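Below is one structure, written out as structure tokens; the observations come after it.
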There are 2 protein chains.
Amino acid sequence: MEEAQQTIRAAAGTDSNANSAERPRGRFPRRGHFGRAQRGRGRAEPRPETRTFGAGRDKLRVVVLGGLEEVGRNCTLLEYGQDIIFIDMGLQFPEEDMPGVDYIIPNMSYLRGKERRVRGVIVTHGHYDHIGGIPHTVPQIGNPPIFALPLTSGIIRKRQEDFPGAHLNVKTISVDDRLVLGSFQVEFVHINHSIPDAVGVVVHTPIGTLVHTGDWKFDYTPADQKPADFIKIAQLGSRGVLTLMGDSTNAGQNGHQVSEREIAHTLRLIIEKAQGRVIIGTFASMLSRIGQIIQIAQENGRKVAIDGFSMKTNVEIAKELGYIKIRPGTIIDIKQVDDYPLNKILVLCTGAQGEKNAALMRIANNEHRSVKLVPGDTVVFSSSIIPGNERTVQRLKDTLYRKGAEVIHYQMMDVHAGGHAKNEDIKLMLLLFKPKYYIPIEGNHFLLRENAKVAASIGFPKENIFIADNGQVMEFTRGEGRLTSEKVPSNYVFVDGLGVGDVSEVVLRDRQELAADGMVVVITVVDAKTGALVGKPDIISRGFIQLEKKKELIEQTRERVTRLIRDRDPQSAADENLIKSKIRDDIGQFLFQKTERRPMVLPVVIEV
Amino acid sequence: MEEAQQTIRAAAGTDSNANSAERPRGRFPRRGHFGRAQRGRGRAEPRPETRTFGAGRDKLRVVVLGGLEEVGRNCTLLEYGQDIIFIDMGLQFPEEDMPGVDYIIPNMSYLRGKERRVRGVIVTHGHYDHIGGIPHTVPQIGNPPIFALPLTSGIIRKRQEDFPGAHLNVKTISVDDRLVLGSFQVEFVHINHSIPDAVGVVVHTPIGTLVHTGDWKFDYTPADQKPADFIKIAQLGSRGVLTLMGDSTNAGQNGHQVSEREIAHTLRLIIEKAQGRVIIGTFASMLSRIGQIIQIAQENGRKVAIDGFSMKTNVEIAKELGYIKIRPGTIIDIKQVDDYPLNKILVLCTGAQGEKNAALMRIANNEHRSVKLVPGDTVVFSSSIIPGNERTVQRLKDTLYRKGAEVIHYQMMDVHAGGHAKNEDIKLMLLLFKPKYYIPIEGNHFLLRENAKVAASIGFPKENIFIADNGQVMEFTRGEGRLTSEKVPSNYVFVDGLGVGDVSEVVLRDRQELAADGMVVVITVVDAKTGALVGKPDIISRGFIQLEKKKELIEQTRERVTRLIRDRDPQSAADENLIKSKIRDDIGQFLFQKTERRPMVLPVVIEV
């Protein structure tokens, strides 16, 4: 830790040199109020004529490796001359058509052979969609230093314990630090999100300044820390920003994001009013909310029992680093909940998305060792529902209502606010940073488009908004930028168990096929010389049909296989592949005709 | 048809007799304003003292076989003495943990041996969650007559064409008809929903009147037909209703359901304003909306091209029966869209839920034969998103935005209204029918609870609200009811391809296991006498890992199998099952240790 801080201070010491390099210098005629500041600076500091657009090394390449076609696996790469830096390396949770996949990480193929040029990985905040790829990807790119604020680096280090073997070089920095990473000079700007220590990243390059918002919202009355640093944002804006990369997660939603204070107000009312226990399910990642709930519990004389591994871990890290202030005796072990009166207990837990085996699910299903639901318990879902989880959350709610719990969720009361900017927030951010170019990031394609619409609605020139795909290269040189057609590899890398990248499209297709109609193994033993069948064919099936109820179908299938082998062309006797493909086609078709299902047919031919 | 109508008229002819039987006669002291009317009638027509609660055949049994723990497979059974009638026989779409299942239907086990007592199946409206079980379930219960209004019976008949072999006895009735079905006298009440001919069912029994709302909302300005028949509802209420069974789908949502006229207004504005084509995706089942959109297109001089098999079929039925009025020349074949200027075209299609291969998906993916998206096209999602479909809809939106289409969905403008009652509607229904008992139906358990809360909020006595589970028997006798603990079979019956009920929990579990980590088949040939291995074991895997990249893993697995067979206890040489279970356990564990995946291991031992 100490070493890391020194490194930073050393970097910070180069400030005066850095300053001259951090300003954009290009001449870029603009319309509207965006980019005016740059133009002013550009004139003041002309550069040699030779350094024109696209020329040699005086070019900034920006590539988003993940987060432009999805929510998750956020990862941005900046390349200038021989220097490469990264902003975030997140993971993405799998879609429904990716059975068995644990998560998806950014593709690092582009970095092969360029490992020595990677100067560092900067992390905007401690959420898994921003840090989750690190254990897999950082070793692949030469183990560069990782720069993160204290809470973020605490979470990265904690997660790394699950990956013994690999050692990361995590450097803890403060929001006021400046880093010099090759040609890049990096500073930070405090913004609001649902976890403390979330920052925007300001990267000064020889050809101009690029700002990456990270995940952000503006909150005038946040749960923790201070409101976003509007002054610094405005100052940066007045000095000139070439490009802003901005979070699209909630783009297209009207108005401003709700303040955490509003949520605290509602939660306080619920907790004060509750006659029995209050059980609050939320995301382990929403540390600001968690800190606030513990605070309210303390005010109301309730003990707080925390359950869910990730939540306990996060609270511990945040407490240790001073991000959550907890009076001694407030937190109790979950096993002690029955030692206190019902109205003196607040349970904070994971599982508000209906995740199997998470705390709230176990409580609902009567599978929790310490917490048994009783009528009079109030269960609060202090979270939104992630798309794809709606049905499991419905089932969880069914079970809770069945147990007589009073259930409160965000559609009924303001018990949740998102961590992301809505339309009006985005407008203000754009008006303060006044970038010349705007790159919507972090969201499905349609969200990027919605983000672009917001910018256009306040007069941002459409041609200066780049809606890129994952891996698509954007080039900037002295105040001018363009979206090129060059693409670097960005396809999915699946993590499944210990395997990284060994689940291919073929493996996934097979899993889908197996899931839909199961499979049938057809085993035949044939005489190696004559090709004649030895004994009867064997049929094994799984996930297809209750075969014991369909004895006739098995018998017919056997007969068909027998006939297939008996009747085939004697000249092809020795061709095992031909027999197999015949069995596959014929039996597949036969079974479809009989059942309208298409199990995977696996022929096994054994020659003896 | 003619025969059916006569049957009904004959039944209707018994009205004068029926009238004396249709009124409740019990004495039931009540509090509040619910049920007062019944008390009045009850005093006026006393019944012999012998017929007391629970006595003999003078008992109405109400069992909901599907729709109390889910949205879908709605099915209610009424039993009085030797008479049984059904209201609706729907299907339910599968959950995520039911891979490969087409749909789920109600369980008819209770009816085994009672087939001759089933007097009829009454259908409230033509949606699949109310009619979809019919082809499978009606033949199981002795093929009783099905009673439905014209549009509903048209849809039932059309669907039956997919099930040749079976012949249904569908009798088309009018909303003013009365049926005599054994001890039951049935009449209907017009309500509003998203399809014409939706009715509530009023069942007069010797011990009182039961009303089943079907799917309903109140719409003072509906798209088609008239507002709900408030007068008839109030009259029935004043004559005394023992029990009301009411739709819970949108219970818990504040306010009144939006009128279809509001939606028409928004759609009209969009269609008028659009410079290019308008493509509207909606449910094929929302025939009222579809009729309205065709109407607006006509007003604006746009031709309407319809795509999606179910939508085309439904429009044809509705047009033929006079439910949708279309001027000649309005509807064009989808292949003709390019024959007209862009602003003269409206495409109506299925696929707004992101269904694979549905029309809108094919249009978005450039796989549609006739409709290629061009910038300037407006795509309207005139539907909500069914829980579970959020991610596929997001992907569909991505593709549409990518093609440059202007996308409008219900979160942006009022382009969709649900077909179900919200809290205020439910209150009015209760105040008009004034039932003594209230049975929330049609919804997940938590929705039933929300529905009950709405009733309680206007003073409905909580003990008179029955929140039952599927299959749970409710008994009513002369004005008194109770929720018993008796349960009739109601577990899932899966339909998969041609198979009904042959997908068991085991088959589903296997499919889930196969989907998660695929499978590995281990094939060994052993000498039948000595038990010694003949040749090398064979390993085949699917959906597990890219084995070509893991040659070493295969080799190790082979060696392990070889060792297992070589080292086993010679006394158990002949026990094939023991070898198999050893291979399954040992290889399963080995592969988990190497990969942290748990493929299904299928050992095949062949003795030669």
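Source: prediction; values computed, not measured. Just so it is clear: chains get the letters A, B, ... in the order the sequence lines come, proteins before strands, and each one is counted from 1.
Scanning for salt bridge (Lys or Arg N to Asp or Glu O under 4.0 Å) contacts around B/Asp496 gives A/Arg597, B/Arg511, with sequence neighbours left out. Evaluation of the ring-ring contact (aromatic ring centres under 6.0 Å, His included) rule for B/Tyr401 yields A/Phe446 as partners, not counting sequence neighbours.
Options A/Val101, A/Ile606, A/Ile385 differ in how many heavy-atom pairs under 4.5 Å they form with chain B, and the most are formed by A/Ile606. Between chain A and the options B/Gly501, B/Gly497, B/Pro99, B/Gly543, heavy-atom pairs under 4.5 Å are most frequent for B/Gly543. Each of A/Val393, A/Asp102, A/Thr392, A/Asp502 has some count of heavy-atom pairs under 4.5 Å with chain B, and the biggest count is that of A/Asp502. When the candidates A/Gln512, A/Lys397, A/Glu513, A/Lys550 are compared by the number of heavy-atom contacts under 4.5 Å with chain B, A/Lys397 comes out ahead. If you tally non-hydrogen atom pairs under 4.5 Å between each of A/Gln253, A/Glu596, A/Arg598 and chain B, the highest count goes to A/Glu596. Here A/Asp398 is the residue among A/Asp398, A/Leu447, A/Asp97 with the most heavy-atom pairs under 4.5 Å with chain B.
Contact annotation for B/Phe544: only backbone heavy atoms (N, CA, C, O) come within less than 4.5 Å of a heavy atom of chain A. For a residue to count as touching a neighbouring chain, one of its non-hydrogen atoms must lie under 4.5 Å from one of that chain's; by this rule B/Lys594 touches chain A with the backbone only. In this structure, chain A has no heavy atom under 4.5 Å from any part of B/Glu505. When heavy atoms are compared at a cutoff of 4.5 Å, B/Thr595 approaches chain A solely by way of its backbone atoms N, CA, C and O. Contact annotation for B/Pro599: neither backbone nor side-chain heavy atoms come within less than 4.5 Å of a heavy atom of chain A. For A/Met98, no part sits under 4.5 Å from any heavy atom of chain B, backbone or side chain. Only the side chain of B/Leu602 comes within contact range of chain A, judged by heavy atoms closer than 4.5 Å. Contacts of B/Met412 with chain A are made by side-chain atoms alone, with heavy-atom separations under 4.5 Å and no backbone atom involved.
In this pair, B/His136 and B/Tyr103 present their aromatic rings tilted. The plane angle is within the 30 to 60° band.
Side-chain contact, B/Asn470 with B/Glu70: a donor N or O sits under 3.5 Å from an acceptor N or O.
With respect to the salt-bridge test (charged N to carboxylate O, under 4.0 angstrom), the residues B/Arg395 and A/Glu95 qualify. Using a cutoff of 4.0 Å between basic side-chain nitrogens and carboxylate oxygens, A/Arg402 and B/Asp469 are scored as salt-bridged. A salt bridge links B/Glu406 to A/Lys453: at least one charged side-chain nitrogen sits closer than 4.0 Å to a carboxylate oxygen.
Enclosure of atom CD in A/Gln546 by more than 12 non-hydrogen atoms of other residues, nucleotides or ligands within 6.0 angstrom is indicated. Annotation: A/Gln556, atom CD; neighbour count of heavy atoms from other residues, nucleotides and ligands within 6.0 Å is above 12.
Among residue pairs with one or both ends in residues 492-523 of chain B, those qualifying as ring pair (Phe, Tyr, Trp, His ring centres under 6.0 Å) are B/Tyr492-B/Phe494; sequence neighbours excluded.
Residue B/Ser504 holds its OG atom at 8.0 Å from CG of B/Asp510, rounded to the nearest 0.5 Å. Taking NZ of A/Lys356 as the reference point, atom CG of A/Asn365 lies at 11.5 Å (rounded to 0.5 Å).
Taking all atoms of both residues into account, the shortest heavy-atom contact from A/Ile465 to A/Pro440 is CG2-CD, 3.8 Å.
Within residues 514-523 of chain A, the residues that have a heavy atom under 4.5 Å from a heavy atom of chain B are A/Leu514, A/Ala515, A/Ala516, A/Asp517, A/Gly518, A/Met519, A/Val521, A/Ile523, listed by number.
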